[in-house]
Amino acid sequence: MSHAVTICPSILAGDFAALGAECRALGEAGADWIHVDVMDGHFVPNITFGPQMCAALRPHVTGVMDVHLMIAPVDPYIDAFAKAGADVITAHLEAGPHVHRTLQAIRGAGCKAGLAINPGTGIEAVGHLLDDIDLLCVMTVNPGFGGQSLIPAMVEKVRALKALTAGRPIRIQVDGGVTLRTARSVAAAGADLLVAGSAVLQGGPAAYARNIAALRDAALGVLV
Ligand SMILES: O=C(CO)[C@@H](O)[C@H](O)COP(=O)(O)O
Ligand SMILES: [Fe+2]
């Protein structure tokens with residue numbers, strides 16, 4: 001069944017010399033969330049932003065600042081990202097042995113707690129964590145880079161996780177390879193939040209509103 005989704009543009013696909021302006025342009029284009037991909041060159045083979053960048057961007061984000069931590073360890077940095085103004089902090093299940101403690105620390109810092117799982121991680125791994133998460137981020141690519149193709153097997157994973165979380169106040173987010181061609185399958189499988197970097201930011205600021213609206217329509221099954 002089709003339902004309205006929230007598009008979360010990832011500034012990883014933006015102009016790094018003008019990220020404040022990118023966040024403002026995305027907000028004006030109708031983005032309710034801004035997804036910030038934090039990478040450490042250790043948990044993933046790429047380096048991006050830290051808490052200082054999040055703090056600098058915060059005044060330019062009108063909606064939800066959604067911080068996706070692809071770092072290990074996570075715990076020493078939670079307070080810094082919370083103080084930087086993150087509304088949601090998502091940590092990876094694979095980032096350390098004490099993810100339950102990490103999720104509690106995120107809530108303790110006043111943020112919504114997100115749990116991300118890599119493509120190779122089975123859904124049984126999240127079963128005992130459901131009381132401690134507000135958002136479940138299903139990685140539909142291997143983390144570290146934008147512009148990759150969605151792994152088709154992840155669509156069934158989204159469907160299974162939707163069933164596993166039924167009746168709970170947990171939002172399912174998909175991250176990686178969301179395009180006009182793939183948005184419908186993940187939305188129909190139960191995703192509520194679609195992260196999209198390349199698909200939203202391609203064409204520059206003049207195209208953002210059109211790209212966001214087209215992705216929302218595609219997720220609903222409207223032909224675009
Ligand atoms: O976390 C990640 C990648 O590790 C994502 O948030 C990407 O930034 C999404 O980019 P596209 O696949 O939409 O280009
Ligand atoms: Fe991400």
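Small disclaimer: the values here were computed from a predicted structure and weren't measured. Just so you know, these numbers use all the heavy atoms, side chains as well, and skip hydrogens, waters and symmetry mates. First listed ligand is number 1; within each ligand, the first listed atom is number 1.
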* Does the side-chain contact (heavy atoms from CB on, under 4.5 Å) test come out yes or no for Met70 and Asp40, once each step is laid out? -> CA-CA 7 Å; Met70 286 162 274; Asp40 66 353; 5.8 Å; no
Same cluster or not: are [X] and [Y] linked, directly or through other Ile, Leu, Val, Met, Phe, Trp or Tyr residues, by side-chain heavy atoms under 4.5 angstrom apart?
X	Y	answer
Leu150	Leu136	yes
Leu103	Tyr77	yes
Val5	Leu215	yes

Give me the atom names and distance for the closest heavy-atom approach of [X] to [Y].
X	Y	answer
Lys112	Ile106	O-CG2, 3.5 Å
Val74	Ala95	CG2-CB, 3.9 Å
Leu194	Ala183	CD1-CB, 3.9 Å

Relative to the Fe ion (ligand 2), which of the N, O or S atoms in [X] is the closest?
X	result
His68	ND1
Asp37	OD1
Asp175	OD2

* To do: Return the protein residues near ligand 1 (heavy atom under 4.0 Å from any of its atoms), ordered by chain and residue number.
  => Ser10, Leu12, His35, Asp37, Met39, His68, Met70, Met139, Pro143, Gly144, Phe145, Gly146, Gly147, Asp175, Gly176, Gly177, Val195, Ala196, Gly197, Ser198
* Asked: Got an N, O or S from His35 under 2.8 Å of the Fe ion (ligand 2)?
  -> yes
* Is there side-chain contact between Leu164 and Leu130, with heavy atoms separated by less than 4.5 Å? -> yes
